[in-house]
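First comes the structure, then the notes that go with it.
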Amino acid sequence: MIAVFDSGYGGLTVLKPIMDILPDYDYVYLGDNARAPYGNHSPETIKLFSEQATDYLLGKGANLIIFACNTTSSVALRHIQQKYEKLLRGENKRILGVLIPAAQHVIKESKSGRIGVMGTKATINSKVYDEEIKKINASAKVFSKACPLLVPFIEEGWHKKPEAKSILKKYLNPLKNANIDTLILGCTHYPMMSSSISKIMGKNIKAVNSGEVAARSLKEYLERHTEIERQLSKNKGRRFLTTDNPKEFKKFAEQNLGMKIKMPEKILLS
Ligand code: DGL
């Protein structure tokens, strides 16, 4: 089974393109809504929460775990891959994130090598996007901007209001002035504001949706790694787990996935 883990609802923007491209597999989505948002937490806390979720999902038989959240992909993924390395290699299991596929994609897309990254405070402070982009192209110039107020606006359904747009403009101004030609939407939530982002940045700037890119990269990954693919069950199962309110989760998930889901199960991570 493929498990998709996120701090809350945002990872549904990653689950959807994954399920669209790879519909046959069994999926479990875990949203740690009770402790979201992760993006303002310290790296230690984000690592601890991600470890607890990983333990839980491996315990439930996940063969492949996708960290849909940019914050956990940048702050915790490397640490967790190292910590669980023996177990993962021994059992042909893997934990993957959304960040490296986005970095690889943006390098292909950018002509000038001037790349913008928007993300949560934790993602931007980690500088992992900068590192991964420069590993691929050392001469790339990365301009990053933490946008901590966008997630609460989006979760309140306020992202189309003028207040949200004016905050967005303020966040994007330095990136616009930096003459970037590509912009990574480095947070699960930002695709929900993509039309406002495009309007502010202008038509010539390509926005990279890290969820969609991660979905395409997962497909290629499974084609290359048949030893992992072979272990994945294919009964089109969809299970949803949340650490907070299942009814609220169901409503949000159905709106964002455009499909009916069974009542999510409430679980405790510790
Ligand atoms: N899922 C997070 C991310 O992609 C955004 C929400 C949060 O801060 O928990 O960075």
Side-chain angles (χ1 to χ4, degrees), residues 3-18 29-54 65-80 95-103 106 116-130 132 144-159 164 167-168 171 183-194 197 207-215 217 240-245 248-249 252-253 256-257 269:
V4 176
F5 161 57
D6 185 60
S7 54
Y9 298 124
L12 296 166
T13 63
V14 182
L15 177 69
K16 188 170 181 343
I18 293 181
Y29 180 94
L30 167 57
D32 190 8
N33 299 76
R35 305 187 292 191
Y38 280 12
N40 293 329
H41 287 314
S42 68
E44 292 68 33
T45 303
I46 296 164
K47 284 179 193 163
L48 175 70
F49 290 173
S50 305
E51 234 172 277
Q52 291 170 343
T54 302
I65 302 177
I66 310 294
F67 279 16
C69 176
N70 282 262
T71 301
T72 57
S73 294
S74 37
V75 177
L77 182 63
R78 214 179 284 168
H79 158 81
I80 289 184
I95 306 174
L96 306 173
V98 291
L99 198 134
I100 292 178
V106 82
V117 181
M118 314 163 62
T120 64
K121 263 190 197 160
T123 296
I124 299 304
N125 288 345
S126 77
K127 298 195 167 46
V128 177
Y129 263 117
D130 310 41
E132 292 298 339
S144 305
K145 185 71 190 157
C147 309
L149 292 172
L150 299 185
V151 167
F153 266 102
I154 293 167
E155 294 209 346
E156 270 308 307
W158 274 45
H159 49 291
I167 288 170
L168 180 65
Y171 283 145
L183 173 61
I184 298 183
L185 309 187
C187 170
T188 48
H189 290 57
Y190 302 165
M192 298 182 213
M193 291 191 87
S194 60
I197 293 170
V208 174
N209 176 337
S210 56
E212 278 174 8
V213 172
S217 143
F240 292 86
L241 313 173
T242 174
T243 53
D244 205 3
N245 185 332
E248 283 289 314
F249 189 96
F252 199 93
N256 286 279
L257 295 175
L269 289 178

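As the structure lists them, so they are numbered: ligands from 1, and atoms in each ligand from 1.
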Hey, do the aromatic rings of Phe249 and Tyr29 have their centres closer than 6.0 Å? yes
Please identify each residue that fulfils ring-ring contact (aromatic ring centres under 6.0 Å, His included) with His159, with sequence neighbours left out. none
Applying ring-ring contact (aromatic ring centres under 6.0 Å, His included), can you list everything that pairs with Tyr129, at least two apart in sequence or on another chain? none
Over 60° means perpendicular and under 30° means parallel, so tell me whether Phe49 and His41 are parallel, tilted or perpendicular. perpendicular
Chain-and-number sorted residues having a heavy-atom contact under 4.0 Å with ligand 1 are Asp6, Ser7, Pro37, Tyr38, Gly39, Cys69, Asn70, Thr71, Thr120, Cys187, Thr188, His189
Under a 3.5 Å cutoff, is there a donor and acceptor pairing between the side chains of Thr120 and Thr71? yes
Result block: side-chain N/O donor-acceptor pairs under 3.5 angstrom for residues 3-11, not counting sequence neighbours:
{"residue": "Asp6", "atom": "OD2", "partner": "Gly8", "partner atom": "N", "Å": "2.9"}
{"residue": "Asp6", "atom": "OD2", "partner": "Gly10", "partner atom": "N", "Å": "3.2"}
{"residue": "Asp6", "atom": "OD2", "partner": "Gly11", "partner atom": "N", "Å": "2.9"}

